[in-house]
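Report on the following structure.
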Amino acid sequence: SKICMLLNNVFNKAMLLNIININPFSIKGNIIKPRSNSADKKIEAFTIEEQKKFLQQLKRKDYIYKDIFYVLIETGMRVGEVLALKREDIDFKQNIIHVRRTLTRDKKDIVKLGDKTKTYAGIRDIPMSAVVRNIIKNNNNINFLFLMSNGKFIPGTTINSHFKRICKDAHIRECIHEFERNGRTIHLKLSNVNTHMLRHTYATRCIEAGM
């Protein structure tokens with residue numbers, strides 16, 4: 001679908017430049033899009049009860065990245081977008097967050113600041129809830145809002161690991177991982193979650209509210 005959309009845009013541009021006379025995509029039945037054999041990804045979101053348990057757990061302990069999790073669940077932003085937030089992206093007068101970039105990785109798998117969001121539609125303004133506004137007001141960082149203690153960017157994998165730990169503490173979607181070590185069977189209790197669920201949770205609550 002994305003390839004066809006891009007090609008359609010290319011042909012439209014070619015028409016504007018008088019390179020071609022007609023866009024082949026504009027002729028009904030002319031372009032047959034092949035069907036994908038890939039299975040649809042399952043959209044995972046917290047239930048209302050799981051969301052309550054998660055937020056209650058955040059209040060119980062002083063988790064190192066808890067402010068990030070509040071921002072994620074209150075805005076629906078991607079993890080990389082939250083971790084790339086600068087103070088200049090916050091507009092307290094209009095009460096919005098300007099989402100303009102995300103963290104990415106270079107060829108050596110080193111986390112770096114991207115110059116754009118994951119998709120073109122990712123460039124957007126998001127209203128701040130009272131919770132998010134308060135978190136950012138109490139954030140003392142000068143440039144980027146969320147960094148490691150050494151001043152480097154926080155990898156998304158680190159946030160995901162902490163998220164799993166919090167959900168495990170809250171007994172959310174627990175599962176047992178079984179493996180062998182030194183001839184012994186080890187049963188390790190884990191939580192079958194990932195941080196992208198918070199984005200889907202935000203969207204799900206919005207839809208349930210009639211948006």
Side-chain angles (χ1 to χ4, degrees), residues 39-85 89-90 95 97 99 102-103 105 111 118 122 124 126-141 144-150 152-181 184-211:
D40 290 339
K41 282 187 177 181
K42 186 178 180 183
I43 302 299
E44 294 280 1
F46 277 163
T47 62
I48 293 176
E49 186 58 36
E50 287 172 335
Q51 184 174 343
K52 286 180 180 177
K53 288 171 70 174
F54 178 71
L55 293 174
Q56 287 167 357
Q57 187 61 40
L58 283 182
K59 292 178 182 177
R60 287 193 189 102
K61 291 178 66 176
D62 191 22
Y63 291 102
I64 184 172
Y65 296 124
K66 70 176 183 179
D67 284 352
I68 293 173
F69 293 115
Y70 278 120
V71 174
L72 286 169
I73 204 164
E74 291 274 340
T75 64
M77 292 171 66
R78 295 180 176 89
V79 175
E81 293 170 344
V82 173
L83 299 179
L85 280 177
D89 298 324
I90 311 303
N95 201 49
I97 298 172
V99 183
T102 186
L103 293 189
R105 289 179 180 271
V111 178
K118 185 177 179 181
R124 62 204 188 279
I126 296 177
M128 287 190 284
S129 66
V131 172
V132 172
R133 186 183 176 91
N134 189 52
I135 285 172
I136 295 175
K137 268 195 169 183
N138 291 318
N139 185 298
N140 296 318
N141 290 337
F144 290 94
L145 296 181
F146 303 110
L147 295 169
M148 292 196 293
S149 56
N150 60 5
K152 293 184 178 181
F153 291 119
I154 306 169
T157 51
T158 298
I159 300 302
N160 198 49
S161 296
H162 280 262
F163 180 61
K164 287 177 177 287
R165 189 177 306 158
I166 296 169
C167 289
K168 178 186 170 186
D169 292 345
H171 306 292
I172 297 171
R173 306 202 183 190
E174 290 179 303
C175 61
I176 302 297
H177 180 62
E178 186 178 298
F179 61 97
E180 297 290 330
R181 178 180 290 171
R184 294 175 54 204
T185 301
I186 307 295
H187 295 88
L188 186 65
K189 188 179 287 187
L190 301 171
S191 187
N192 188 25
V193 295
N194 62 78
T195 46
H196 206 63
M197 289 175 66
L198 295 178
R199 180 167 164 81
H200 291 308
T201 297
Y202 174 83
T204 301
R205 295 294 93 85
C206 286
I207 292 168
E208 290 170 349
M211 291 177 67

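All of these numbers come straight from a predicted model, not from anything done at the bench.
Although no hydrogens or angles enter the test, the distance criterion places no donor-acceptor pair under 3.5 Å between the side chain of N192 and the main chain of C175. Distance alone, capped at 3.5 Å, places no donor-acceptor pair between the K189 side chain and the K168 backbone. Formation of a donor-acceptor pair under 3.5 Å by the N160 side chain with backbone atoms of T195 is found in this model.
At a threshold of 4.5 Å between non-hydrogen side-chain atoms, the residues M128 and K137 do not count as touching. Using a 4.5 Å heavy-atom cutoff, the side chains of V193 and K164 are in contact. Side-chain contact between E50 and T201 is absent, with no heavy-atom pair separated by less than 4.5 Å. Side-chain contact check for V99 versus R78: every heavy-atom pair is 4.5 Å or farther apart. Within the 4.5 Å cutoff, side-chain heavy atoms of P155 are placed close to those of R105. Considering only heavy atoms from C-beta on, V132 stays 4.5 Å or farther from I126 through its side chain. Counting only heavy atoms from C-beta outward, the side chains of I159 and I154 approach each other to under 4.5 Å. Side-chain atoms of F153 and L147, non-hydrogen and from C-beta on, do get closer than 4.5 Å to each other.
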Show the atom names and distances, to 0.1 Å, of all donor-acceptor pairs under 3.5 Å that link a side chain in residues 60-72 to residues at least two apart or in another chain.
residue, atom, partner, partner atom, Å
R60, NH1, Q57, OE1, 2.8
Y63, OH, Q57, NE2, 2.8
Y63, OH, D169, OD2, 2.8

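Nearest approach of I186 to R181, heavy atoms of both residues: CG1-CB, 4.1 Å. A pairwise comparison of heavy atoms in F54 and C167 identifies CD1-SG, 4.0 Å as the closest pair.
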- [ ] Could you go through the side-chain contact (heavy atoms from CB on, under 4.5 Å) check for L85 and M77 one step at a time?
- [x] CA-CA 11 Å; L85 280 177; M77 292 171 66; 4.0 Å; yes
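With a 6.0 Å radius and a threshold of 12 heavy atoms from other residues, nucleotides or ligands, N150 has its CG atom above the threshold.
Remark: E208 engages I48, T204, R205 in a side-chain contact (heavy atoms from CB on, under 4.5 Å) (not counting sequence neighbours). E74 pairs by the salt bridge (charged side-chain N to carboxylate O under 4.0 Å, His left out) definition with nothing, not counting sequence neighbours. Scanning for salt bridge (charged side-chain N to carboxylate O under 4.0 Å, His left out) contacts around R165 gives an empty result, with sequence neighbours left out. In terms of the side-chain hydrogen bond (donor to acceptor under 3.5 Å, both in side chains) criterion, residue partners of R133 (sequence neighbours excluded) are, by chain and number, N95. Residues meeting the side-chain contact (heavy atoms from CB on, under 4.5 Å) test with L188, sequence neighbours left out: H177, F179, L190.
A donor-acceptor contact closer than 3.5 angstrom is absent between the side chains of S191 and E174.
One finds the CG atom of L83 at 5.0 Å from the CG atom of L103 (value rounded to the nearest 0.5 Å). Atom CZ in R199 sits 12.5 Å away from atom CG in N194 (nearest 0.5 Å). Atom CG of N141 is separated from atom CZ of F146 by 8.5 Å, given to the nearest 0.5 angstrom. I136 CD1 to I97 CD1: the interatomic distance, rounded to the nearest 0.5 Å, is 4.5 Å. Residue I172 holds its CD1 atom at 9.5 Å from CD of Q51, rounded to the nearest 0.5 Å.
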